[in-house]
Amino acid sequence: MKNILALVGLIVMTINSYGQNLSSPNSELDLNFKLIKNGTPVYTLSYKGKKVIAQSKLGLELVNDDKSLLDGFELKDVSNSSFDDTWSPVWGEQSSIRNHYNEMAVTLEQPEKDRHIVIRFRLFDEGLGFRYEFPQQDNLVYFVIKEEHTEFAMTGDHTAFWIPGDYDSQEYDYTTSKLSEINELFEDAYVNNASQESFSKTGVQTSLMMKTDKGLYINLHEAALKEYSLMNLNLDESTLTFKSWLTPDAIGNKGYLQAPAVSPWRTIMVTDDATEILASSMSLNLNEPNKIEDTSWIKPIKYMGVWWEMITGKSSWNYTDELPSVKLGETDYSKTTPNGKHAANTEHVKEYIDFASKHGFDALLVEGWNEGWEDWFGKSKDYVFDFVTPYPDFDVEEIQEYAASKDIEMMMHHETSGAIRNYERHMDTAYQFMNKYGYTSVKSGYVGDIIPRGEHHYGQWAINHYLYAVKKAADYKIMVNAHEAVRPTGLRRTYPNLIGNESARGTEYQAFGGSKPNHVTILPFTRLIGGPMDYTPGIFEMDISKLNPDNNSHVNSTIANQLALYVTMYSPLQMAADLPVNYERFLDAFQFIKDVALDWDESHYLEAEPGEYITVARKAKDSSSWFVGNVNGTTPRKTKLNLDFLEQGKTYEATIYADAKDAHYKTNPQAYKISTKKVTSKSTLKLKSAEGGGFAISIIEK
C-alpha cells in the first residue's frame with residue numbers, strides 16, 4: 001500500500017513539474033501550464049519553438065482571506081478539446097468569421113480551504129486567451145478581489161507603443177519606447193485630461209502593442225470585459241514582467257463576484273507578421289454569440305454632425321452666457337439672452353440636414369440641443385441633464401419632420417457628465433423620447449469624474465452601467481455609440497447594437513493642440529483590437545484658427561490621410577466631421593467619403609508596421625466594389641500595391657486620391673491629386689505617401 005501511495009505521489013509530482021501542454025491548431029504556438037512547488041500556478045508561451053512569455057504566475061488576492069487564490073493548489077483535473085466553426089456577424093470587417101482553437105481547462109483544488117477554480121486556456125493560431133472560472137461551491141460563493149495577480153513576463157526589452165495606465169481615461173497620444181524607458185517618459189506622456197487618475201509611473205493600458213528585436217509582434221489585451229474591473233498593466237522593471245492591475249472602486253476594492261462567475265479573458269497575440277494582428281478576430285471569438293434575436297434595425301450609419309464647430313470653439317453648446325448656475329425645471333431660459341453662438345438652433349440644423357441629404361448621408365448628430373450646458377462640466381453635479389428638454393431655439397418636432405422629408409435620420413446625443421445614477425434615472429424616458437421622434441441611435445458621453453463620487457470610469461460599477469445602457473437600448477431598438485466609456489473588448493459580437501465607442505484619443509484632440517501624425521498608424525494595433533472606434537475623421541481644413549481665431553491648433557494630417565481613415569480605422573459608424581463649407585471647397589476629394597462603404601464582405605491587410613504605416617483593402621458588403629486606404633507616419637514612403645485581391649477576369653476603374661508631390665501634414669496638408677486608371681487583378685499601382693499622409697482608392701467594377 002505504501003508503494004502504491006508513493007507511486008501516486010511521484011506521478012503527481014511529475015505532472016506538476018512538467019505540466020500540461022497545449023498547441024495552437026497550426027502548431028506554431030505552444031502553451032505550458034504547471035504548478036511550482038508551493039502550489040502556485042504558472043504558464044509559459046512559445047512561438048515557433050522560442051519562448052515569448054517566460055514563466056508567469058497566475059492567481060487572485062482576495063479581501064479578508066488569509067490564503068487567497070494564489071498558491072496551495074493541487075491539480076485536480078485537465079480537460080482538452082478542440083473547436084472549429086464559422087459564424088456571421090451582423091456587421092463587420094468580413095461577412096464570416098472562423099472560430100478555431102484548441103482548449104485546455106485546468107481544475108485546481110485548494111485543499112486547505114476546500115475550494116477550487118478553473119483556469120481555461122484557448123489557443124488560436126494567432127494567440128492565447130485564458131480566464132479564471134469560479135464554479136458554484138460551498139466555500140467560494142461571495143468574494144471580493146483585492147488584486148488580480150496575472151503576470152506577463154517579457155523575454156526582452158521590447159519596443160512598446162503605450163499610453164499611461166489610468167482609471168478614467170484612454171485619451172492619450174501614444175509613446176514609442178523600450179519597456180525600460182516607460183518610467184522616465186511617463187510624466188511627459190501623462191497629459192491633462194477631463195478625468196484621470198494614474199497609479200504608477202510604470203503603468204500602461206491595454207491593448208499594449210510591442211515589437212521584439214527579433215521582429216516578433218506581441219499584443220496584450222483582454223476580451224469579454226463585463227461584471228469585472230478593467231485591467232491595466234504595471235511593469236516590474238527589474239524583471240520586465242507586466243502584472244495585472246485592476247481598477248478599484250471608491251473604497252479600494254477591485255471586484256465583487258458571486259460564484260458561479262468568470263473573469264474576462266486575458267489575451268496574448270504573437271506573430272512575425274504585423275498584418276496578422278490587424279486581421280485577428282480572436283477578441284470577437286472569445287465573446288458570446290449574439291443575444292439579440294431581431295437585428296433588422298441594426299444598420300451601419302454614415303453621418304454628419306453639428307459638432308466640429310463647437311469642438312473648435314467657433315460655436316457653443318450652451319444657449320446663453322448669462323447663467324452661472326442652472327436648475328432643470330426651475331431655470332427659465334425664455335428670460336435669458338441667447339449668446340448668438342449656440343449651434344443647435346433649428347435653422348442652422350436645417351442647413352446641415354440639407355447638405356447631408358444632398359450628398360447621400362444617413363443621419364445627422366446634433367449636440368447641445370438640450371437644456372443644461374451652461375454648468376454641465378466640473379461641478380460634480382448629479383441632476384445635470386434630463387435628456388428630453390430642448391433649448392428654446394431647438395424645435396424637436398419641426399426638425400424631425402424636416403429631416404424625415406429629406407430622408408435623414410436624426411442621431412440623439414446624451415451627455416451624462418459622468419453622472420451615471422442620473423442617466424439611469426432618466427434612461428427609459430430618454431429612450432422613449434427617442435422612439436417617439438424617430439431617433440434610432442444615440443451618442444452617449446461620460447465626460448468628467450464619475451458620480452457616485454470616488455468611482456472610476458473603468459471600475460466594475462461603471463462597466464456594469466455601460467452594458468446596462470446597451471442592453472436597455474436594445475429593448476427600444478436603439479444603437480449605442482458610447483464616448484468616454486470603457487474601451488471595447490469584443491462585446492459587439494454579443495450586443496451588436498453597440499455600434500461604436502470612442503474610448504481613445506480621437507479627432508477632437510486635433511483641435512485641442514493636435515495629435516502626433518503617426519497616431520492613426522498605432523490605433524488599429526491597440527484601441528481597435530477590441531472593437532471599432534468612432535474616430536470622427538474627414539477634416540479638410542487643418543488650420544483651426546480659420547474657424548476660431550483664438551484656437552491655433554493644427555490637424556496633423558493631409559487630406560489624403562483623412563480619406564484613408566474611412567478604410568484603415570474600421571467602424572460601421574463613420575462621421576464626416578468637418579463643416580459643410582469646407583467640403584464644398586474640395587468636393588472632388590469629398591466624393592470618396594460619399595462613396596466609401598461601411599460594411600464589408602472581405603478585408604485584406606496588405607502591409608503594416610505599427611507607428612509607421614498601414615494599408616488595407618476592403619470589399620463592400622454584397623458588392624463587387626473595393627476600397628483601399630493607406631495611412632503613413634512621419635517618414636515619406638513608396639508603396640507598390642498589388643491588386644491581386646480583385647476578382648480575376650474582371651475590369652475595374654480605380655479612382656486614386658493621393659498626396660500631391662509637395663504634400664506635407666504641416667506645411668501643405670491640402671495638396672492632393674486625383675487620378676483614374678483601369679485595373680485588373682494583375683495590376684500593380686506605385687504610390688507615394690507624404691509625412692502624415694497616405695492615399696485612398698475606390699475600385700469599381702466596369
Side-chain angles (χ1 to χ4, degrees), residues 89-91 226-227 287-303 305 328 344 362-367 369-372 383-390 394-397 399-401 403-404 407-446 462-486 488 491-503 531-532 534 571-573 575 598-599:
V90 175
W91 46 262
K226 55 184 180 179
E227 299 176 358
N287 278 266
E288 296 177 73
N290 174 29
K291 291 189 174 182
I292 300 175
E293 291 186 14
D294 174 20
T295 59
S296 60
W297 50 275
I298 302 174
K299 298 176 181 179
I301 300 173
K302 191 180 295 185
Y303 73 107
L328 299 180
D362 302 310
L364 180 72
L365 165 74
V366 179
E367 295 197 7
W369 68 276
N370 56 317
E371 291 183 355
Y383 188 23
V384 58
F385 294 114
D386 68 8
F387 313 101
V388 296
T389 305
F394 187 88
D395 190 318
V396 175
E397 291 191 9
I399 287 172
Q400 192 58 43
E401 290 174 1
D407 200 25
I408 292 292
E409 289 188 354
M410 296 302 295
M411 183 181 294
M412 179 54 71
H413 182 234
H414 288 166
E415 176 55 61
T416 70
S417 190
I420 286 178
R421 185 181 68 166
N422 181 60
Y423 192 31
E424 291 189 356
R425 184 190 298 137
H426 289 89
M427 193 173 286
D428 280 292
T429 301
Y431 287 162
Q432 289 165 10
F433 181 90
M434 288 179 62
N435 282 171
K436 177 180 178 180
Y437 290 105
Y439 289 75
T440 60
S441 59
V442 59
K443 173 185 174 181
S444 56
Y446 297 88
I463 285 168
N464 288 348
H465 160 78
Y466 302 137
L467 185 54
Y468 172 80
V470 171
K471 293 162 75 172
K472 175 68 73 171
D475 292 340
Y476 292 91
K477 296 188 176 181
I478 289 171
M479 297 177 285
V480 175
N481 167 28
H483 282 226
E484 296 88 29
V486 69
L491 282 173
R492 52 115 160 176
R493 179 188 180 186
T494 313
Y495 303 99
N497 67 316
L498 180 58
I499 59 167
N501 287 95
E502 182 194 39
S503 309
D534 184 26
S571 178
L573 180 75
M575 185 184 197
L598 298 172
D599 204 8

- Audit row: Lys472, Asp475, side-chain contact (heavy atoms from CB on, under 4.5 Å) steps and yes/no: CA-CA 5 Å; Lys472 175 68 73 171; Asp475 292 340; 4.2 Å; yes

- Query: Are Thr440 and Trp297 close enough, and set up right, to give a side-chain contact (heavy atoms from CB on, under 4.5 Å), and what steps lead you there?
  - Reply: CA-CA 8 Å; Thr440 60; Trp297 50 275; over 6 Å; no

- Task: Could you walk me through whether Met479 and Ile301 pass the side-chain contact (heavy atoms from CB on, under 4.5 Å) test, one step at a time?
- Result: CA-CA 10 Å; Met479 297 177 285; Ile301 300 173; 3.5 Å; yes

- Going through the checks in order, is the side-chain contact (heavy atoms from CB on, under 4.5 Å) test met by Ser444 and Val480? CA-CA 7 Å; Ser444 56; Val480 175; 4.2 Å; yes

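For the atom pair CD1 (Ile292) and CG (Asn497), the distance works out to 4.0 Å, reported to the nearest 0.5 Å. Here NZ of Lys291 is found 9.5 Å from CG of Leu491. Values are rounded to the nearest 0.5 Å. With rounding to the nearest 0.5 angstrom, the CG atom of Asn481 is 7.0 Å from the CG atom of Asn501. Note: Ser441 OG to Met410 CE = 10.0 Å, rounded to the nearest 0.5 Å. One distance of note links CE of Met427 with CG of Asn422; it measures 10.0 Å at 0.5 Å rounding. Summarising the geometry, atom CD1 belonging to Ile399 is positioned 3.5 Å from atom CZ belonging to Phe394; distances are rounded to the nearest 0.5 Å.
The heavy-atom pair separating Glu415 from Phe385 by the smallest distance is O-CD1, 2.9 Å. When all heavy atoms are compared, the tightest approach of Ala430 to Val388 is CA-CG1, 4.1 Å. When all heavy atoms of Pro532 and Arg492 are compared, the closest pair comes out as CD-NE, 3.8 Å. Taking both residues in full, the closest heavy atoms of Tyr431 and Ala469 are given as OH-O, 3.2 Å, listed atom of the first, atom of the second, then distance. Closest of all the heavy-atom pairs between Ser503 and Ala485 is OG-O, 2.8 Å. Of all non-hydrogen atoms in Leu573 and Met411, the two that sit nearest each other are CD1-CE, 3.9 Å.
Ring centroid separation for the pair Tyr446 and His465 comes in under the 6.0 Å cut-off. Aromatic pair His426/Tyr383: ring centres closer than 6.0 Å. With ring centers used as reference points, Phe387 lies under 6.0 Å from Tyr423.
Put simply, the side chain of Leu467 does not reach to within 4.5 Å of the side chain of Leu498, judged on heavy atoms. Using a 4.5 Å heavy-atom cutoff, the side chains of Glu371 and Pro390 are not in contact. Proximity of Arg493 to Glu288: side-chain heavy atoms (C-beta onward) are nowhere separated by under 4.5 Å. Contact of the His413 side chain with the Leu365 side chain is registered, since non-hydrogen atoms from C-beta on lie closer than 4.5 Å.
Here Glu367 pairs with Lys443 in a salt bridge; the nearest charged N to carboxylate O distance falls below 4.0 Å.
The salt bridge (Lys or Arg N to Asp or Glu O under 4.0 Å) check on Glu424 picks up nothing, with sequence neighbours excluded. Listed by chain and number, the residues in a side chain to side chain donor-acceptor pair (under 3.5 Å) with Tyr303 are Asp534 (sequence neighbours excluded).
The number of heavy atoms from other shown groups lying within 6.0 Å of NZ (Lys226) is above 12. In this structure, Gln400 places its CD atom where more than 12 heavy-atom neighbours from other residues, nucleotides or ligands lie under 6.0 Å away. By the 6.0 Å contact criterion, CG on Asp407 is open, its count of non-hydrogen atoms from other residues, nucleotides or ligands being 12 or less.
Between Leu328 and the options Asn370, Thr389, Asp386, a side-chain contact (heavy atoms from CB on, under 4.5 Å) holds for only Asp386.
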